[in-house]
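Worth saying up front: this structure is predicted, and the values here are computed from it rather than measured.
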Amino acid sequence: MPKEYRTIQEVAGPLMLIKGVENVTYNELGEIELGNGEIRRCRVLEIDGGNALVQLFENSSGINLADSKVRFLGHGIELGVSGDMLSRVFDGMGKPIDGGPEIIPERRVDINGVPMNPAARNYPQEFIQTGISAIDGLNTLVRGQKLPIFSGSGLPHANLAAQIARQAKVLGKDENFAVVFAAVGITFEESNFFIEDFRRTGAIDRTVLFINLANDPAVERIATPRMALTAAEYLAFEKGMHVLVIITDITNYADALREVSAARKEVPGRRGYPGYMYTDLASLYERAGRLKGKDGSITLIPILSMPEDDKTHPIPDLTGYITEGQIILSRELYRKNIMPPIDVLPSLSRLKDKGIGKGKTREDHANTLNQLFAAYARGKDAKELMTILGEAALTDIDKLYAKFADEFEREYVSQGYNTDRSIEETLTIGWKLLSILPRTELKRIKDEYLDKYYDKY
């Protein structure tokens with residue numbers, strides 16, 4: 001039986017100080033029993049000799065210091081893992097909230113996990129088809145990769161997240177594929193949207209959902225992504241599944257980190273975020289990957305809304321350092337009703353070359369990808385020139401490029417949230433668009449591919 005302490009000294013906001021504790025460790029969980037028998041949870045933030053500073057999960061109202069007692073449980077936050085987690089909905093602390101039975105765990109795992117040994121990693125190289133042309137065709141997602149989506153407030157990243165979770169698949173092989181979806185600090189409406197969407201489309205059958213609402217405690221917000229990654233590690237490395245982890249919204253997670261840091265009176269870093277935010281984010285992102293000798297893999301898509309659409313804000317800035325590229329959503333495309341509004345030029349998948357080509361997608365993929373990028377960039381330049389100097393200032397070839405840019409956005413990038421395109425369809429649309437330009441302009445494509453595909457659609 002855990003030892004009970006009646007030595008609560010003071011409560012300040014979400015923090016509580018308990019004196020005279022023994023053998024209590026950092027991050028350990030505790031329970032506070034109030035005079036009326038009500039139980040509230042807490043987590044150890046700091047140990048100083050016999051003094052323990054704990055953070056409450058619930059609020060501190062109604063706690064009478066004289067008749068409340070605290071007991072420490074001897075372990076940190078844990079998740080009970082089992083194959084039965086698939087098709088279930090949990091809250092941010094791993095408790096079922098879908099009305100179904102409790103999960104009988106095979107074992108309980110500390111959610112902080114163990115860092116992957118870099119020498120034990122396998123290089124990410126297999127293609128994952130999301131069914132979204134702007135990602136599959138130009139910024140290809142590879143199994144084991146960390147590819148964040150940078151969005152802005154009001155942009156439809158929730159729809160995009162649901163679409164990727166619904167459509168993503170590994171091609172060719174009949175392999176177990178699962179999605180672990182963590183929603184961090186979202187509203188009740190958004191939570192409802194995700195759960196209903198997954199149920200309506202049947203995607204829930206291969207999905208584990210963790211839902212943390214905006215009115216849940218900050219400390220729970222910090223636990224939710226770790227819950228999701230712990231579930232993913234179990235499914236990937238013990239059950240041999242290929243797991244896609246989607247976490248939305250990392251900005252809410254970082255704000256919770258800042259809130260806890262401010263409560264502990266730590267010295268703030270950039271924009272008030274703690275100086276260790278880089279390390280903290282890395283401890284999440286680096287749990288994705290492929291391990292030698294294991295069949296499964298974890299691919300991670302963290303989604304974050306950039307405050308004021310600012311790419312230099314600490315959250316997207318640090319995320320960009322740790323991950324392998326980024327998909328950027330554009331407000332300008334959103335206003336033009338291009339859905340999903342993916343801005344392909346500043347977007348980047350650093351591992352795309354590893355996941356495309358013969359045997360993975362198609363032999364002409366790399367060439368068409370480069371040509372589409374180049375043509376779209378030149379088309380955008382031509383359109384800017386047209387805005388400043390008028391259409392008369394453009395050459396005939398510039399006008400073709402400007403037309404290409406418009407058609408590219410309308411046909412290639414814009415596909416709505418319910419269209420699931422195979423990689424063949426994506427490449428076909430690419431060739432159809434390239435046929436707008438004369439063959440002599442397509443200098444980035446080998447002649448053999450031009451003979452085979454140019455003007456054939």
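- Of all heavy-atom pairs between I77 and A223, the closest is CD1-CB, 4.2 Å.
- Closest approach of R71 and P2 over heavy atoms only: CB-CB, 4.2 Å.
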For this session: For Y253 and N212, run side chain to side chain donor-acceptor pair (under 3.5 Å): C-alpha distance rounded to whole Å, both residues' side-chain angles, the deciding distance at 0.1 Å, then the answer.
Result: CA-CA 10 Å; Y253 169 82; N212 165 264; over 6 Å; no

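- Under a 4.0 Å N-O distance rule, the pair D309/R331 qualifies as a salt bridge.
- The shortest distance between side-chain heavy atoms of L351 and Y123 falls below 4.5 Å.
- Residue M306 holds its CE atom at 7.0 Å from OG of S151, rounded to the nearest 0.5 Å.
- Put simply, the side chain of F188 does not reach to within 4.5 Å of the side chain of I211, judged on heavy atoms.
- Rounding to the nearest 0.5 angstrom, the gap separating the CD1 atom in I356 from the OG1 atom in T361 is 5.5 Å.
- With contacts defined as side-chain heavy-atom distances shorter than 4.5 Å, the pair F90/M227 does not qualify.
- The number of heavy atoms from other shown groups lying within 6.0 Å of CD1 (I104) does not exceed 12.
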Exercise. How far apart are the C-alpha atoms of R444 and N367, what are their side-chain angles, what is the distance that settles it, and do they pass the side chain to side chain donor-acceptor pair (under 3.5 Å) test?
Worked result: CA-CA 6 Å; R444 294 166 190 270; N367 279 195; over 6 Å; no

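- The closest donor-acceptor contact from the side chain of T299 to the backbone of R143 lies at 3.5 Å or more, if one exists at all.
- The number of heavy atoms from other shown groups lying within 6.0 Å of NZ (K292) is above 12.
- With rounding to the nearest 0.5 angstrom, the CG atom of L79 is 10.5 Å from the NZ atom of K95.
- Aromatic ring orientation, F198 versus F194: tilted (interplanar angle from 30° to 60°).
- With a 4.5 Å cut-off on side-chain heavy atoms, D249 and I186 do not count as touching.
- With values rounded to the nearest 0.5 angstrom, L300 atom CG is found 6.0 Å from L229 atom CG.
- Distance check: I445 CD1 to Q371 CD gives 4.5 Å after rounding to the nearest 0.5 Å.
- Under a 3.5 Å cut-off, the side chain of H365 and the backbone N or O of G137 do form a donor-acceptor pair.
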Problem set entry | Residues T230, R287; criterion side chain to side chain donor-acceptor pair (under 3.5 Å); working and verdict | CA-CA 9 Å; T230 303; R287 289 171 73 174; 3.0 Å; yes

For this session: Could you give me the CA-CA distance, side-chain angles and deciding distance for R221 and E259, then say whether salt bridge (Lys or Arg N to Asp or Glu O under 4.0 Å) is met?
Result: CA-CA 11 Å; R221 194 126 48 256; E259 197 178 311; 5.5 Å; no

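- Salt-bridge annotation for R41 and E58: present, with a side-chain N of the basic residue lying under 4.0 Å from a carboxylate O of the acidic one.
- Salt bridge status for K169 with D420: present, with a side-chain N to carboxylate O gap under 4.0 Å.
- Q415 places a side-chain N or O within donor-acceptor distance of the main-chain N or O of S133, the cut-off being under 3.5 Å.
- For the atom pair CG of L348 and CG of L147, the computed distance is 8.5 Å after rounding to the nearest 0.5 Å.
- Listed for the D98 side chain is no donor-acceptor partner under 3.5 Å among the backbone atoms of R88.
- By the 4.0 Å N-to-carboxylate-O rule, K354 lies too far from E324 to be salt-bridged with it.
- At distances below 3.5 Å, at least one donor-acceptor pair connects side-chain atoms of R206 with backbone N or O atoms of R166.
- Stacking of R362 on the aromatic ring of Y453 is recorded, both the 6.0 Å distance cut-off and the 45° axial limit being met.
- For K432, the NZ atom counts as loosely surrounded, since its 6.0 Å shell holds 12 or fewer non-hydrogen atoms of other residues, nucleotides or ligands.
- A pairwise comparison of heavy atoms in R40 and N59 identifies NH1-O, 2.6 Å as the closest pair.
- The environment of CG in D451 is crowded: more than 12 heavy-atom neighbours from other residues, nucleotides or ligands sit within 6.0 Å.
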For this session: Check the pair Q55, V260 against side chain to side chain contact (heavy atoms under 4.5 Å, CB included), reporting the backbone distance first and the verdict last.
Result: CA-CA 8 Å; Q55 179 173 23; V260 172; 3.5 Å; yes

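- Within 6.0 Å of NZ in K265 there are 12 or fewer heavy atoms belonging to other residues, nucleotides or ligands.
- A salt bridge links R410 with E407; the closest basic N to acidic carboxylate O contact falls under 4.0 Å.
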For this session: Take R421 and T426, measure what side chain to side chain donor-acceptor pair (under 3.5 Å) needs, and give me the verdict at the end.
Result: CA-CA 6 Å; R421 289 181 184 163; T426 291; 5.3 Å; no

Exercise. Between D91 and D216, is a side chain to side chain contact (heavy atoms under 4.5 Å, CB included) present by the stated rule, with each step listed?
Worked result: CA-CA 10 Å; D91 69 7; D216 289 332; 5.7 Å; no

Problem set entry | Y273 vs H313, ring pair (Phe, Tyr, Trp, His ring centres under 6.0 Å): CA-CA, chis, key distance, verdict | CA-CA 11 Å; Y273 291 97; H313 186 279; 5.6 Å; yes

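- A heavy-atom distance below 4.5 Å is not found between the side chains of S414 and K336.
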Problem set entry | Evaluation steps, salt bridge (Lys or Arg N to Asp or Glu O under 4.0 Å), between R121 and E286 | CA-CA 11 Å; R121 282 178 178 271; E286 290 296 344; 3.1 Å; yes

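- Side-chain atoms of L281 and T319, non-hydrogen and from C-beta on, do get closer than 4.5 Å to each other.
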For this session: Starting from the C-alpha separation in whole Å, work towards a yes-or-no answer on salt bridge (Lys or Arg N to Asp or Glu O under 4.0 Å) for K239 and D84.
Result: CA-CA 12 Å; K239 294 291 181 188; D84 298 334; over 6 Å; no

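- Looking only at side-chain heavy atoms (C-beta outward), Q129 and S422 come within less than 4.5 Å of each other.
- The side-chain heavy atoms of F72 and T25, taken from C-beta on, include no pair separated by under 4.5 Å.
- In this structure, the side chain of E106 does not engage the main chain of V81 through any donor-acceptor pair within 3.5 Å.
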For this session: List the steps, then state whether salt bridge (Lys or Arg N to Asp or Glu O under 4.0 Å) holds for R258 with D255.
Result: CA-CA 5 Å; R258 177 166 66 177; D255 287 346; 3.6 Å; yes

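- In terms of modelled atom types and a separation under 3.5 Å, the side chain of E190 and the main chain of T187 share a donor-acceptor contact.
- Across every non-hydrogen atom of F237 and I298, the tightest pair is CE1-CD1, 3.8 Å.
- In terms of heavy atoms, I103 sits closest to S82 at CG2-CB, 3.8 Å.
- At least one donor-acceptor pair closer than 3.5 Å links the side chain of N252 to the backbone N or O of V184.
- Ring geometry, Y376 versus F408: the interplanar angle falls from 30° to 60°, so the pair is classed tilted.
- Between the side chain of R350 and the backbone N or O of T323 there is at least one donor-acceptor pair closer than 3.5 Å.
- Of all the heavy atoms in T140 and K352, the pair that sits closest is N-CB, 3.8 Å.
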